[in-house]
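Structure record follows, encoded as structure tokens.
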Amino acid sequence: FQLNEKVGTKTILSYLYVSPNNKMKIMLLTDPEVESSLLISLDEGASYQKYSLSFDILSLLFHPEQEDWILAYSHDQKLYVSVEFGRRWQLVHDNYITCKLQNCSDGNKSKPFPGFIIPNSLVVQDEYVFIQVGFYSENVNLDLQIISTDDNQVVAAIQDWHQNDSYNLYMSESRGLFFTLMLEDVVSSGGPEGNIMIDLYEVAGIKGVFLSNKVVENQVKTYITYNKGRDWRLLQAPATDLQGNKVYCEQPYCSLHLHLHVSENPYTSGNIVSKDSAPGIILASGVVGPELTNANVSIFITSDAGNTWREVFQEEYSVFFLNQGGSLVAIRHTPLPIRHIWLSFDEGRNWDKYSFTSSPLYVDGVLGEPGEDTLIMTIFGHFSHRSEWQLVKIDFRSIFQQQCTSDDYLTWQLHNEGEVCIMGMKRIFQKLKANVRCVKARDQYISQMSDSCLCTEADFECDYGFERQIDGTCAPAFWFIHSATSRDCITGDSFLNTTGSLSNNCTEGNLLKYIPRRQKCPSQAPRGLQLFTSEGTLVATLGKNVTFLVFLEEVITVDFGDGTAISYVNISSIDDGVKHIYSKVGIYQVSATANNALGFDRVVLYLHVSCQLEQVQLSAPSVVIKNKAVNLTTVLQPSDVGTVTYYWWFDNKTEPVVTLSGAMPFSFSKEGTHTVTVQASVGNTVHQDQKRVAVYDYFRSHVLAFSSNLDELNPGVSEWREDIARVVKNCMVQVTGISEDQLLVTVLPGLPTTAEIFIVPEKRPRDRAMDEKWAHLDQVLSDSGHSGTAVIMLVSVVLMGLAAFVIYKFKRYKILGTSCSTKTQGGESEIRNARC
């Protein structure tokens, strides 16, 4: 380009801007470290005028429609405006004037912000101006990126404090005030200039269609929505590859995944491209498989807005639209020099190869001529690494025979897997027929819209404060106070009370079910609120539905006590009540609260949620000393069943001792054999166990250990332990000569197999011979030297007899996993082990 004398020959430039509304207007920024000035051209760079600035420009924003309107943000955080394409500037304000968007007037303006404006956060898009404010505190400031403002609905990406490489997407209503969750865990990455790039792509030409890359179980997958994020689904992989071979790819394990980065370089096409004048056509690089990768990338195209895809290149190519999207131009993306380009006139189904230079060229980029309806493209690059830039101008006009007529077009209807009613409307577009080589005019790609569809549940978005549930319904978020919508309501008036859903363009059908309902403002505070369970009880079973009945004609919030709360409008009209499932046992405080502008009413119940009790086992010593406290304990199966009430009976007493603990200390005041019975009550289930305890003035005891091979024969049932105890007792009687009435043997539950032997006083006075037998027993049990734990060391004959007896006895037990059947002299008993 040519600079006039006023510009100077040693001017250092830092940035170039081209007006998005008039490509004849170009603006160059000088390096602020040398001088602050602008170079402005109004004739596409043929000449420039230099204008000095009194501030240093940090960033510029052009108005989307007015070509001469520009906002400038300075390094010292001041905002300037120009309505003369930068020739004159005016300071808007050195301190921002702020107010809430929904009620901005002179009376409620405040200044400055309660924080600081984050540099480079100013965004102007359609009808909105955004700035991001930070705060001087220990709290982490959330990062926010503005993605789209179509139909005045703002799509914003917000990074929560626990996210590193992902963002959550939110969409506002038509005023841009209130936002609802659109998609979680969207992939983000750093751009070449330190900016944040969100993997969300808005398809050009068709409103409401977005593509996004989402992190799912540490894998990145590509999803598409046709209704502004209400529903998302995976992309269907092509049926065949480029060679025509069948592609075996079954969702959700395999699908098509796309790279969604749009090129920030105006001279390259980026990973994905679509065009307003070519609705339904999307080209992108990607892979087929379980997740998105950078290996074996191919180029894919869709002609029906993402329903079906075709593979067009098995290498990376830059693809550009030509002739208002009526044709496609592809250039191989390679570090090597090339000579050819490819053209397609049938939406990428077939490609013609053309040579654009006689010598191979290292391609650096592609320039399009001003105006979208031209057929001229300029490729720039260099023949070698040492050569200067070369410009190759390609004129495609000779390929196209004539202007397009109505006979050259066909109609195409937008659909989502065959469903033509999308967001309550059918949309029909015009597109060129395949292989028609005519020049499209600017006004020949107008979309046509049919009548609205009948309303169905799929045509409604969730209102502010409501979130989409698994079953597709909209339920209030945990933080949303539903009654706040009527707090400003004046007595005698009425207001529209949301049902949680927002309609789009549908008509009739189920419209009345979802649209806001007109409701009278309250005339008095809520009174008479009632809360019950449908069964009329205060107990429930873990994992099963609990139905609550609430009676009052008000907006009511039900708090289930486990961190879940839901608001309802006219909850009394719900015939089958409010259902909830608890995931943990415990006692829950369930409350229902009715609020309006005049007051509130609240009612509470305490619900016992328990698990089904299968068995209770009482553990008590077999022999105890009179008047000495011992611990009686219980074991429940399963162990965590909720609140348990224990009833303890001792001997033949008719009144039990009631406790909430499964352990109880007790002392026996009389010698003899006593019976202890315990019952465990959970909900409507009661189980019982019973033990006999022998009480003496004194006794001796020894712990017995067995060789480890006996553990292999231990089935863990009480009958087996009783049989082993009888065998041990008989052996001890034979070896020591002690009376059978004075020996008690208990085999303890669990592994390793152990037993305890008790020597109790005989009923008649002891003589010298008995003392010698006791001493002989002590000698036998102490010779093993195991620090108080004695190992039975009997003669070989007794050991063989014991082993034979154990084997014989063991054959009586049939162990069947969680069920054991045992036969005893008293008949047959069954033990079941279960888990809750």
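Scored by the salt bridge (Lys or Arg N to Asp or Glu O under 4.0 Å) test, E535 finds no partners at all (sequence neighbours excluded). With sequence neighbours left out, the ring pair (Phe, Tyr, Trp, His ring centres under 6.0 Å) criterion links Y647 to no other residue. With sequence neighbours excluded, the residues forming a ring pair (Phe, Tyr, Trp, His ring centres under 6.0 Å) with Y582 are H580, Y588, listed by chain and number.
Other residues, nucleotides and ligands contribute over 12 non-hydrogen atoms within 6.0 Å of the NZ atom of K579.
Counted by atom type alone, T685 and Q612 present one or more donor-acceptor pairs between their side chains at under 3.5 Å. At a cut-off of 3.5 Å, with distance as the only test, a side-chain donor of Q690 or T677 sits close to an acceptor on the other residue.
Distance alone, capped at 3.5 Å, is enough to place a donor-acceptor pair between the N307 side chain and the H415 backbone. In terms of modelled atom types and a separation under 3.5 Å, the side chain of N168 and the main chain of D185 share a donor-acceptor contact.
The CG atom of L292 sits 10.0 Å away from atom OG of S255, with the distance rounded to the nearest 0.5 Å. For the atom pair CG of N227 and CH2 of W232, the computed distance is 9.0 Å after rounding to the nearest 0.5 Å. From L613, atom CG reaches atom NE2 of H687 across 4.5 Å, with rounding to the nearest 0.5 Å.
A salt bridge links R233 with E417; the closest basic N to acidic carboxylate O contact falls under 4.0 Å.
Using a 4.5 Å cut-off on side-chain heavy atoms (C-beta onward), L211 and Y223 make no contact.
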